[in-house]
Amino acid sequence: MDTYSLSPISRNPLSLPHDFADELNQAQQEAVFFEEGPLLLIAGAGSGKTKTLTFRVARLVNNGVPPEAILLLTFTRKAANEMLERATQVLDNRCRDVSGGTFHAFGNILLRQYAKYIGYTSQFTIMDRGDAEDLINLVRKGQNWPAGEKKFPKKGTIASIISKSINTGKTIPAVIGNDFPQFIDFSTEIQKIAIDYQIQKKDINSMDYDDLLVKTLELLNTAPEVREELQNKYQYIMVDEYQDTNLIQAQVIKGLVNKDNNIMVVGDDSQSIYSFRGADFKNIMTFPSLFPGTTTIKLEQNYRSTQPILDLTNNIIAHAKEKFTKNLFTDRKEGKKPLYIEAANDNQQSKFICEKINALQKEGRALSDIAILMRSGWHSNDLELELKSHGLPFNKVGGFKFVESSHIKDVVAYLKVIYNPYDLISWHRVLMLLEGLGAKGAAKIAEEIKKNATRPGAIPIHTYKKRAYFEELQTLIQMVFSPGQAQKKPTTLLNQIMTYYTPIFKSTYDNFNKRQSDLDSLETISEKYDDLETMLAEMSLDPPTSKESLEPEKNDGDSLTLSTIHSAKGLEWDTVFLLSAVDGYLPSFQSLGDLGQLEEERRLMYVALTRAQNNLFIVKPNLDLSQSNHYRFSGIQFSNPSRFIEEHNILEEYTEQVTLKVEKKSGSAYGFSNNYNASSQGKKGSKFSSKPKSNWADKYNDSWANQELGESDFDDRRKYNF
C-alpha cells in the first residue's frame, strides 16, 4: 500500500526567471551583473537601490556562490530582512542563508565567537546609554575628581564626548575644543575618566554600543588568524547606506575584504546627514581611493517623485561644494510645481496645513499618505496643538524607547545579572530597589557579589542579617545564582523575576497600574526567544519602541506622520509638508559658522524634499523673536527663506509662490495671493538684525537639536549617586 506525506508547494523557482533582467533599467543591470572587483553604486533618492541589491544577491546565489559566503551589512535589521526576503522571492529559499544584518549585530556575533581574543568572555552584556553613564559616574567618583565643581560636565556630557571621540577618530581634547569648549579646562580629567571607563567595562564583562564596532576592529587588527578566517569565509561583501558609515565601520569593512576585493558599497553622498552620530561624508567620497580600480555606477532614474519635484531637488543639491554629480529623472513628467507658501507667523502656518490636509482628505487621500517634516522636533509645537483642535490624528516619530522606561530597565537588570553576574551596573540597579539600602551600601554589596561571582556561596550576605532588607537580598541572591538559571527560557525567568519584583514594583511607582501593561508586553516579547543571550542582545541592538510593544495589533493607518527629517530618511509619502523653511531653522542656527555643517544642512533639505511623491508644500512663517524664546541669546531674528531655496533663483524657477491672506467672509480661513516675489518681499524688513557672533554657541553642535531624544522618565525617583 502506498504511503503519502504532505509537503508545501514551492512558489519559488530554483533558478532565475527568464525575464529577470527585464525588471531592471540599464544602470541597475550593470550593477546586478557586475562581476569582480570593487563597485561603488551611487544611488539617487528613489532610484531602486534596494531592488538592485536584492537582485544582485539573487544573481550571485544563482551563479553558485554559497549564500553564507555573501555578507550584506545594513543599518537596520528591518532593511536586511526585507532585502533577503525579497531575494528569496526572486530566487528561492537559499537566499535566507545569506549572512546579513546591521554592523552592530554582526559585531555582536563575532565578538561572542572570538571573545577570548579581546580579553572578554562570550557572556558579556551590552550596556545601554543609561548604564554607560552610570559607569562613567562611578569611575569619576572613584577618581575623586571635582564632584562638587558645578562647571564639571555631567555624566551624560562625558559619555557624549567619549563616544564622539571614538566614532570620529578625533582626540578627546579635539572633541571638547570643537563641541564643548566650555569644558576645555577639564580635558585631562575627562581623558583619565575615558581610560578608566574602558578598564572598568572589561572588568565587569560588559560592552557599550560603541564597543561592538571598536572591539570588532580590534579583533581584526590584533588576531590575524581570525581576520584570515573571515576573509576566506566572505567572498562577496555588500554594504547598504555607505554614506552613513563612520571611520570605524569603514575600517572594519576594509579589514574584512580579501585580496579579490569583491566589495560593493551602495549609497548617496547627497543623503549623508548623520555626522552628529559620527558618520563621515568622506567615506563615500574617498572609496575609489581606498579601493583602487573601483567601478562607479550611478542610479539616476527616479521611481518616486514627479519631474517638477526632481527639478527643484536637483537644483538644490547641484550647488553642493563636494559631490558625485548626478541628475535624477523620471518618466512621470506630469505634476504641479512644488508650492512655496509664505505665512505671517507660526500659527498661520499651522492653520494652513490643517486646512490643506482637510482638503486633501476630501480629494480621497488617506492621512497615512501625508507627512509633515521638520528640522527639529520642537518646530511642530504650535502645529500639534492645531492638529488636535482640528481632530486630525497624528503619530510623531521619535519618543522614548520601550526599554528606556525605568520599570522595564529594572526587570532587564535582573535578566542581565543572571546572564552576566559580573555586571556591576545592573547589580547596582537591582540592589537599590531594596528598601533601606542606600547607594554606598549597594556599591559595597555589588563589589562583594562581583568578586565572588563564580562561587556565590562565599558572598558574605550573613553580615547583613540585622538589616531590614536581608530577606529580600537573600532571595535575590538565590534567584540569580540558582543552578542553570542562564540556560532557562526568558519567559520562565521572567515569571520568577515578577514573583520577586511585583511587591517592589508596587511600592516604588505610584502609577504602577499604568506601568503594568509595559511589563505584560515585555513578557509577550520574551515569548519570541528561546534563550536569554539572544533576547538581551536584541533588546540592546534593536530595542522596541513603546508603541510597537504596547500596541502590536493597533495600526489602522488613519493618521498623519510628524517627523524630523533625520527620522524620515528612507521613507516616502504622497504628500509632504516641509515645516518652517526659515534660514536659521533649516539650515540650523548652529551650523551657520561651519562650512561642513552647512553643507550637511543642504543635504538635509534635499532628503526632506525627495520624500514627496506627488505633492510638495514648503511653508515659511515670518518668525518674531519677541514671540519665541528660541535662540534668544543670539540676538538674531529669523525671517528669510532658507538659503538653499532662495539662492540662484531656485524659488522663482522651480516653485509656485504664494502668500496667505485671511478671507474672513469665505468658508475657508485662507486664500492665496500669487503676486508674491520671494526675492523682494522675503527680504524686505526681515533680514537678520545682526550678524551671527563668533562665540562657542555658534560652533556648538547641539546634540538635542539633531538627535531623536527620548522623553525623561520623571517618575523614576531613585538616585544613582555612585
Residue pairs fulfilling ring-ring contact (aromatic ring centres under 6.0 Å, His included) with at least one residue in residues 199-231, sequence neighbours excluded = H104-Y209
The side chain to side chain contact (heavy atoms under 4.5 Å, CB included) partners of A446 (sequence neighbours excluded) come to L424, W427, H428, L431
Say whether N246 and N167, considering side chains only, have a donor N or O and an acceptor N or O under 3.5 Å apart.
-> yes
Sequence neighbours excluded, which residues qualify as ring-ring contact (aromatic ring centres under 6.0 Å, His included) partners of F291?
-> F287
Listing, residues 31-41 side-chain donor-acceptor contacts under 3.5 Å, not counting sequence neighbours, or none:
residue	atom	partner	partner atom	Å
E36	OE1	N262	ND2	2.9
E36	OE2	Y236	OH	2.7

When you check the side-chain N and O atoms of T125 and S206, is any donor under 3.5 Å from an acceptor?
-> yes
Output every pair passing salt bridge (charged side-chain N to carboxylate O under 4.0 Å, His left out) with a member in residues 233-254, not counting sequence neighbours, ordered by first then second residue.
-> K49-D240, K49-E241, E241-K569, D244-K569
Could I get the full list of side-chain hydrogen bond (donor to acceptor under 3.5 Å, both in side chains) partners for Y197, not counting sequence neighbours?
-> D208
Residue set satisfying salt bridge (charged side-chain N to carboxylate O under 4.0 Å, His left out) with K282, at least two apart, ordered chain then number -> E322
Summary of salt bridge (charged side-chain N to carboxylate O under 4.0 Å, His left out) pairs that have at least one residue in residues 69-87, sequence neighbours excluded | R77-E538, R77-D542, E82-R86, E85-R96
Under the side chain to side chain contact (heavy atoms under 4.5 Å, CB included) test, residues paired with D269 that sit two or more places apart = I42, F281, I284, M285, K323, F324, K326
Where at least one partner belongs to residues 244-265, residue pairs that pass ring-ring contact (aromatic ring centres under 6.0 Å, His included), sequence neighbours excluded = none
Partners meeting side chain to side chain contact (heavy atoms under 4.5 Å, CB included) with Q191 (sequence neighbours left out) = I172, P173
Who are the ring-ring contact (aromatic ring centres under 6.0 Å, His included) partners of Y414, not counting sequence neighbours?
-> Y500, Y501
Aromatic F20 / basic R59 pairing, under 6.0 angstrom, 45° off normal = no
